[in-house]
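Right, one structure below, let's go through it.
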Amino acid sequence: MKLCRFNEGRLGLVEGRGVRDISAALDCLPAYRYPLPPYDVLIANLDRVKAAIPSSPEIPLTAVKLLSPVANPGKIIAAPVNYQKHIDEVKTDVQLHQNNPAHTITIQKAGLFLKATSSLAGPGEGIALRHLDRRNDHEVELALVIGKTANNVKARDALQYVAGYAIGLDITIRGTEDRSFRKSPDSYTILGPWLVTVDEIPDPGNLNLRISVNGEERQNSSTRYMILSVPELIELASSFYTLYPGDIISTGTPEGVSPIVPGDTIVASVEKIGTMEVKVRAQAGIR
Ligand code: MN
């Protein structure tokens with residue numbers, strides 16, 4: 001099942017080149033009162049929502065604005081240096097490593113990092129670049145969405161805690177600052193084009209992922225080259241903090257990162273998920 005959010009927060013079921021508005025299924029969500037829980041209430045109640053899907057007419061996907069399929073993640077977790085060839089390209093390019101030793105150590109030593117939840121946007125919202133005097137790069141990644149509360153989970157059990165997968169773009173300002181700072185401007189985390197439920201992707205460890213900019217291919221690899229696999233990333237993350245429904249883990253990028261500038265059009269694909277187009281612009285009000 002492919003679930004999207006579109007336009008002004010409608011919930012959609014994607015079928016082929018169309019989407020059906022199934023927002024009425026959201027009526028089954030419990031009535032929450034302040035303070036809200038620290039997780040995404042749609043993902044936490046996904047089974048209920050799936051059981052309440054109404055019939056509705058199909059709209060062409062090209063006619064809707066796609067938002068992030070997760071609206072309110074408690075955390076956006078990301079893996080640095082999780083593909084060896086990306087580590088190699090960083091090591092040999094000062095523009096990438098900026099003489100920061102944190103960029104060239106292994107993921108086992110580097111651990112994971114967090115991105116601001118306010119950085120999250122959908123493909124239809126585009127990327128608004130800041131600090132145009134510095135290099136802004138694309139990173140295409142497989143992203144997973146946690147479905148059930150997970151704490152100290154072992155890798156062998158980890159896939160039971162996944163709700164589904166989406167394409168993640170981890171947009172990055174190159175520089176010396178901490179990753180969480182450089183990768184957290186508004187719209188620097190794109191999640192889309194929809195959430196593919198876990199039953200459609202039993203093995204996340206063998207998926208082609210690629211990205212082009214203005215029609216020119218920049219990254220093309222496979223999740224089989226990840227240093228820490230999806231289950232191992234969940235084990236590592238949940239050994240440090242509790243994972244909640246809707247938490248996103250972006251699993252790292254392969255080689256081929258390169259600059260993007262306002263006016264660019266990005267097309268990103270992950271096998272078994274789909275393809276999304278994302279426009280790049282300058283953040284309003286900056287020089
Ligand atoms: Mn990344």
Side-chain angles (χ1 to χ4, degrees), residues 68 70 73 75-91 93 95-98 100-121 123 127 129-131 134-145 165-192 204 207-213 218-230 232-234 236-237 247-260 266 268-270 273 276 278 280:
S68 163
V70 182
K75 294 188 277 303
I76 301 174
I77 301 155
V81 292
N82 201 24
Y83 286 79
Q84 186 58 47
K85 284 185 180 172
H86 175 56
I87 299 173
D88 295 343
E89 76 180 347
V90 170
K91 275 182 183 166
D93 187 343
Q95 285 195 318
L96 294 180
H97 65 65
Q98 301 276 338
N100 185 340
H103 291 170
T104 52
I105 59 177
T106 63
I107 186 169
Q108 289 87 348
K109 288 182 179 170
L112 306 175
F113 66 96
L114 294 169
K115 302 186 72 173
T117 53
S118 53
S119 70
L120 184 62
I127 299 164
L129 296 180
R130 300 182 187 229
H131 296 285
R134 293 171 56 175
R135 181 167 155 173
N136 279 266
D137 279 13
H138 58 78
E139 295 186 353
V140 65
E141 313 200 352
L142 173 69
L144 68 95
V145 176
Y165 300 92
I167 307 170
L169 298 185
D170 176 21
I171 306 301
T172 302
I173 301 172
R174 296 295 167 197
T176 57
E177 302 95 334
D178 189 84
R179 285 189 180 92
S180 66
F181 194 50
R182 294 182 287 105
K183 291 169 171 272
S184 284
D186 301 357
S187 80
Y188 275 45
T189 305
I190 300 288
L191 192 72
L207 302 174
N208 174 259
L209 73 171
R210 60 202 147 93
I211 192 168
S212 67
V213 179
R218 301 281 177 87
Q219 294 180 277
N220 185 346
S221 186
S222 167
T223 58
R224 91 175 76 110
Y225 299 117
M226 296 195 327
I227 295 169
L228 291 186
S229 66
V230 165
E232 289 167 336
L233 289 168
I234 293 169
L236 176 61
D247 281 3
I248 296 163
I249 302 181
S250 203
T251 60
T253 201
E255 72 280 8
V257 300
S258 70
I260 51 174
I266 289 172
S269 304
V270 175
I273 296 175
M276 63 182 187
V278 186
V280 182

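Atom set for the values below is all heavy atoms of this structure, side chains included, hydrogens, waters and symmetry mates excluded. We count ligands from 1, going down the list as the structure has it; atoms in each ligand are counted the same way.
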Check: Sorted by chain and residue number, which protein N/O/S atoms are under 2.8 Å from the Mn ion (ligand 1)?
Finding: Glu139 OE1, Glu141 OE2, Asp170 OD2

Next item on the list: Answer whether the closest heavy-atom distance between the side chains of Ile248 and Leu120 falls below 4.5 Å.
Entry: yes

Checklist line | Qualifying residues under side chain to side chain donor-acceptor pair (under 3.5 Å), relative to Ser184, sequence neighbours excluded | finding: none

Item checked: Test item: Val280 and His138 side chains (from C-beta on) under 4.5 Å apart, heavy atoms -> no

Next item on the list: To the nearest 0.5 angstrom, please state how far the CG atom of Leu112 sits from the NZ atom of Lys75.
Entry: 11.5 Å

Next item on the list: Measure across Glu255 and Ser221 and return the closest heavy-atom pair with its distance rounded to 0.1 Å.
Entry: OE1-OG, 4.3 Å

Check: With the threshold set at 4.0 Å, does a side-chain nitrogen-carboxylate oxygen contact exist between Arg174 and Glu139?
Finding: yes

